[in-house]
Structures are given as C-alpha cells and as structure tokens.
Amino acid sequence: MWEAHRGIHVDQSELLCKEGCGYYGNPAWQGYCSKCWRKRNRSQPDQKRDTGPCPSVEGGKPLTFSKFEEKKSSEISRRVNTMKRLFGGSRTPPKRGSEPSDTQSVTSSAPQKSQPVDFTEFLKSLRKPSTQVLHRRCTAFLSNLESQRYLPVQKQSDLVQDFYQSIAGHFHSFPEEQSAPMMEHIEKLIMTRLYKWVFCPDSSDDEHRDLTLQRRIRALHWVTPQMLRVPVGEGRSEVNDHFLSAITAIIGMDAKRAPQDKLSCVFKCSQSIFTALASSNPEPANADDFLSGLIHVVLKANPPRLHSNMQYIIRFGLPHSLMAGESGYYFTNLCCAVTFIEKLNGLSLNLSPEQFEGYMQGRKPEERESPVSEPESEGLRLAKKNRELLGEIEKRQERVALGMREMEEELGKWVQSVHAQVQEIKAKAPLDVISTKS
C-alpha cells in the first residue's frame, strides 16, 4: 500500500558540508565541501601532505577564498611585495639592496588602475614585464601538466587545486573584490588550455555515466510540472519564456570551456527559474519550489554531457565558487536535482508503483488500481489535451499533403495542355527562320 508523498522537499542543512564548516557540500564529495573532502583524502597513509585545516565560520558567515589558511605574519610582507612587482603597484622600482617598509607595502599592495577588469585585459597585462613572474608560473604549470596528461583525472584535479592554492596565497592580503576576479582569470587561462585533456577523460567513466543519465532523462519525458509540484500557472507565455531561457542556459553549459563559464550557465538558468516562479505566484518562491523547477528544467532540457560537465566543474573549478555564494548554492541544487532524477520513483511523484511503471513503459496506468491524486489527474488531462491537439495537427497535415498532390497533378496537366497548344500553333503556322549576312 503506497502513501502519497507531498511534493519535493530538501532540508537546507543537508546541502551543507557534513563536517559542519558552513560551506556547501556535494554528492560527488560524499556530502563534504571541497576543502574537507581533499583534507580527508590526503590524510590517508599513502599521502605525504595535508591541505591544512578546513576553514571555519566566523559569526555564522563562511570565510572568503583568500582566508582559507592563516599565513604567518613573517610571510605577509614578502608576498605583498611580490604582487606589487607583478601588477605595477609602484611606478618607481626600489633600489637594489633595499626593500620598502611594511607600512608602504600594505598601503600600496592593492592595484587600482592596473587591475584587469576582464579576461581580455588580464591577457594583455601578462605581456607586461611586471607580470612575467605570474606568466612564467602559469606557463610552467601548463607545460608540466600537459606532459602528465595521461595521469588519472583525480591526480590531475589535485595538481590543479594545489596550483590554485599556491597562487591564492599571493593574494592573501588583497581585498576579495580584487583577488576573486584575478583567480577566476587564472582559472580560465589554464583550464582553457587543459580542457581537451581533462574533460571527460578516458581514465574516468564519465562518458558511460553521461549516456546512462541521458537515457534516464529521456525515459522520464512524461513527467509534468504538476507531478513535481512546480508552482507555475498554466498557459502563461511569460512563464514559459522564462523556463525556455533556463533550458537554453543549461544546454549552453556544454559549449563553455572554463569551469567558471559553465558555472555561469548554471547561475543564469537558476535566475531564470526564480524569475519564472516569481511571475507565476505573488508569494516568493522557497527552496523546495526552486528545486522542483530546476528538476523540471533538467528533464525538459536533457543537457548534453551533463555528468561530465558537473564533474569538470567539481574537479577543476575554484573552491570558493562551489563552497559559498549564489553560484555554490545553485550548483549544489543542480547536483541534488540530478541525484533526484537518478533515484526517481513513484513515491516521489505521488504515484503508485504500478502507475509509475505504466508511465515508464509508455502505457496509460490503470486508474482503478488506486485513486488518482488531483495533481496527477491534472497532468493526465493536459496529456489528453495534447494528444487531441497532435491528432488534429496530423489530420491537417494529411489534408495539406493531399491538397499538394492534387495541385501537382493539376499543374502537370496544365503544363501538358500548354505544350500541346504550342505544338498545334507551330504546326498551323510554322516559323520561317531567315538568316542574315553581315
């Protein structure tokens, strides 16, 4: 005997890391955040080093990416001076054998006008002599990893994350609004080069998981928004346009190369879903409404290589993008949506096991087996209406095809009659061809 299950619900505490650090966890990391997951892996006996303690939470607010580890006070001045030389914090170079004081280093550490505002400006800045150190480090890392492109993908992921952590250490004293964009530019620089070797590699089962998930989503094509309890109005073009924008955004994720760009597609998709929910209801959408809408979008879009794209973001994306903020929240919900789809059963949709199997096999379930709930009957009514519309369209297409064939026959007869008339006229009054000599 099955019991009705009311909608889709996820406790927000389940989205957070199991270690209680305050960051978002991820099913791919067994519920841990990126930092705690790597710390657990590297604490195994076959690992030689640790990534340091997991960042804590101060005042209930997660720390920023630049605060992952406390640096020794003796290292601050040296690293600030290094970044000052890299990004032109001072126009007058210091004399040999002398170093600026700590006060001067801190006050002039944050680059103002020389700070790249976008990726194009960042690439241009790498040509300057003052940024040769950073350029050499990125180039050396790329050359090293390209020479080791046959390593298991998890080893490659560890190397990339170590590089992020090493570079982030130089931005320790920079404000987050300056360090975060710079780290995103560095991520895009190296991952655009490494994409063809580390995305869906042969050392993983990503391709098999992609095909399995794609078949699963295709088999669930019959699931309606009403079954998922998506609070949307019926037949409103404005709402449909927003959902279409969300579907377009999530499909476009596969065309991007940098993890940050793929994550931006998830962000745009989620924003469109919230806009669609807001357009359909006067009350603000809650977390359960958003998750239901996201599941609906994934089922309708069936994004190409969805598993590979998610794993690519998890393995090679910046930790702060996945562990906190709106992007981290949206991506965590996307992982939950995919997990829900993989484990979807009749109880999740308020259907009996018999009804669920009937839908999965493409036949109409027997309504006498159990009473049909109100949302399900609404879904069946819409499905019946759509079938009737499709039947009417097919009949119209048949009539149009028949009319085209009749028109082609009449046109052929007309051409033949005109040809016969021309031949008859030519026979009655043959044309005399008069040749003229120049």
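Treat the numbers as computed from the prediction; the structure is a model and nothing was measured.
Side-chain atoms of Q156 come within 3.5 Å of backbone N or O of R149 as a donor-acceptor pair. Side chain of R257 to main chain of A255: no donor-acceptor pair is present (N/O by atom type, distance under 3.5 Å, no hydrogens or angles). With hydrogens and angles disregarded, a donor-acceptor distance shorter than 3.5 Å links the side chain of N281 to the backbone of P231.
For E392, the salt bridge (charged side-chain N to carboxylate O under 4.0 Å, His left out) test picks out R396, with sequence neighbours left out. Partners of D210 by salt bridge (charged side-chain N to carboxylate O under 4.0 Å, His left out), not counting sequence neighbours: none found. D254 meets the salt bridge (charged side-chain N to carboxylate O under 4.0 Å, His left out) test with R305; sequence neighbours excluded.
Checked against the 6.0 Å centroid threshold, F243 and H296 count as a close aromatic pair. For Y195 and Y312, the ring centers are positioned less than 6.0 Å apart.
Between the side chains of S264 and D261, no donor N or O sits under 3.5 Å from an acceptor N or O. S204 and R209 are not linked by any side-chain donor-acceptor pair at a separation below 3.5 angstrom, with hydrogens and angles left out of the test. Residues E207 and S308 bring no donor and acceptor atom of their side chains to less than 3.5 Å of each other. For the 3.5 Å distance criterion, the side chains of Y330 and E326 qualify, holding a donor opposite an acceptor.
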Full working for side chain to side chain contact (heavy atoms under 4.5 Å, CB included) between I190 and Y164: CA-CA 10 Å; I190 66 171; Y164 288 157; 3.6 Å; yes
Worked check of side chain to side chain contact (heavy atoms under 4.5 Å, CB included) between S166 and R137: CA-CA 10 Å; S166 174; R137 289 198 62 181; 2.6 Å; yes
Side chain to side chain contact (heavy atoms under 4.5 Å, CB included) between F199 and N309, intermediate numbers included: CA-CA 8 Å; F199 182 83; N309 280 288; 3.6 Å; yes
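In this structure, F141 and F163 have parallel ring planes: the angle between them is below the 30° cut-off, well short of the 60° mark.
In this structure, the side chains of K268 and I250 stay at 4.5 Å or more apart for every pair of heavy atoms.
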